[in-house]
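For reference, the structure discussed in these notes is given below.
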Number of protein chains: 2
Amino acid sequence: MQRLQGAPEECAHEVLDVVPVVMRVVRNKLREHGAQLLSVPQFRTLSFISRNNGASLSEVANHIGLTLPSMSTLVDGLVTRNFVIRRTHEDDRRRMDLTLTEHGEATLRSARKETQEYLKQRFTGLSESERGTVVKGLRILRQVFSERTA
Amino acid sequence: MQRLQGAPEECAHEVLDVVPVVMRVVRNKLREHGAQLLSVPQFRTLSFISRNNGASLSEVANHIGLTLPSMSTLVDGLVTRNFVIRRTHEDDRRRMDLTLTEHGEATLRSARKETQEYLKQRFTGLSESERGTVVKGLRILRQVFSERTA
DNA sequence: TATTGTTATACTCTATAACTATA
DNA sequence: TATAGTTATAGAGTATAACAATA
């Protein structure tokens, strides 16, 4: 079965098999992050808002891949925890402008750092070329799964 | 930034960035599976039991990476939906023997097929060599993240 | 009327703590 | 006493349906 490495079937199979396993490690690591534990969607939401200051709720929901009500609830939690500031947009009062607080930025930074630190360790056992393959593979996956194919 | 492809940092960064995106697509696809929608943990649990007939609850929990209570609840749902048979072990009456029903096997098969079918499509746009890279990268990831490092 | 967001409701996921049954 | 599982409880994630406010 090693010979169909280039087949779409094999890609599909490996994705279904491997991605959930990696995901679980990432989730557990993020959740360990001291008192300020973050779920994966919370982490991703903070990341997005940090990169897109003043984003609207719809924009965030769309990017993260949640429905609007789900994102509304999620952001609500982030506001309560003082990670996010939510104000109505000046011109269009239906929209919300989302930005991170200082505390939100700091939490995001340290959560990202801790998690990456941990993941990094896992990769030190590999050869440089193996790591290169991992990075290339993931970049291709990002491209494949970022397209809004619905 | 393209030049540090072989660095552990870059692996960590890509994992944190890309894996959640792919995961979401997989989850949504699994959940679309007709009336018999499965969550990712449910799907993985059915897969494991199918491959390991008569597995105990602890074994399943351990493999999937859930706590025993969480797995107990999850399996409870699968039993209710007639996907799984749960009986006490003959010799050690503390243990549970888990097996799939015919219906469970069939559901698993068709959920896997539909999801893989969908994922496959996404990969048809790639070159054979790109797909090879994806497969190789994922196999390395599996190896890295299967080790019980805690 | 169309768009942006929130609220209500309901399940699943998940953990920790406390418990029961068996060995 | 140690092991295998369950039950109780609680918070987060998520969806759909119904609603409110603004354009």
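We name chains A, B, ... by the order of the sequence lines, and we start the count at 1 in each one. These numbers were taken from a predicted model, which means no experiment stands behind them.
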Member of B/Ile140, B/Val135, B/Leu138 meeting the side-chain contact (heavy atoms from CB on, under 4.5 Å) criterion with A/Thr133: B/Ile140
Nucleotide C/dC11, atom C1' - distance to CG of B/Asp76 in whole Å: 14 Å
Per-nucleotide protein contact string for nucleotides 13-18 of chain D (B base, S sugar-phosphate only, - none; heavy atom under 4.0 Å): SBBBB-
Contact check, side chains of B/Arg131 and A/Pro8, non-hydrogen atoms, under 4.5 Å: yes
Exam field: side chain B/Glu130 to backbone B/Ser127, donor-acceptor pair closer than 3.5 Å: yes
ILVMFWY cluster, B/Leu68 and B/Leu74 together (side-chain gap under 4.5 Å): yes
Cluster check A/Val79, A/Leu38: I/L/V/M/F/W/Y, side chain < 4.5 angstrom: yes
Nearest-Å distance for atom pair CG/C1', residues B/Leu30 and C/dT12: 14 Å
For atom CZ of B/Arg87 and atom C1' of D/dA4, their distance in whole Å: 18 Å
Interface residues of residues 92-105 of chain A with DNA chain D (non-hydrogen, below 4.0 angstrom): A/Asp92, A/Arg93, A/Arg94
Flag for A/Ser70-A/Thr67: side-chain donor and acceptor within less than 3.5 Å: yes
Length of the line joining B/His89:NE2 and D/dA4:P, which is rounded to integer Å: 12 Å
A/Ser47 versus A/Arg112, side-chain donor and acceptor atoms under 3.5 Å: yes
Gap between atoms CG and P, on A/Asp91 and C/dT3 respectively (whole Å): 19 Å
Spacing between A/Leu78 atom CG and D/dA12 atom C1', to the nearest angstrom: 11 Å
Contact check, side chains of A/Met71 and A/Ile64, non-hydrogen atoms, under 4.5 Å: yes
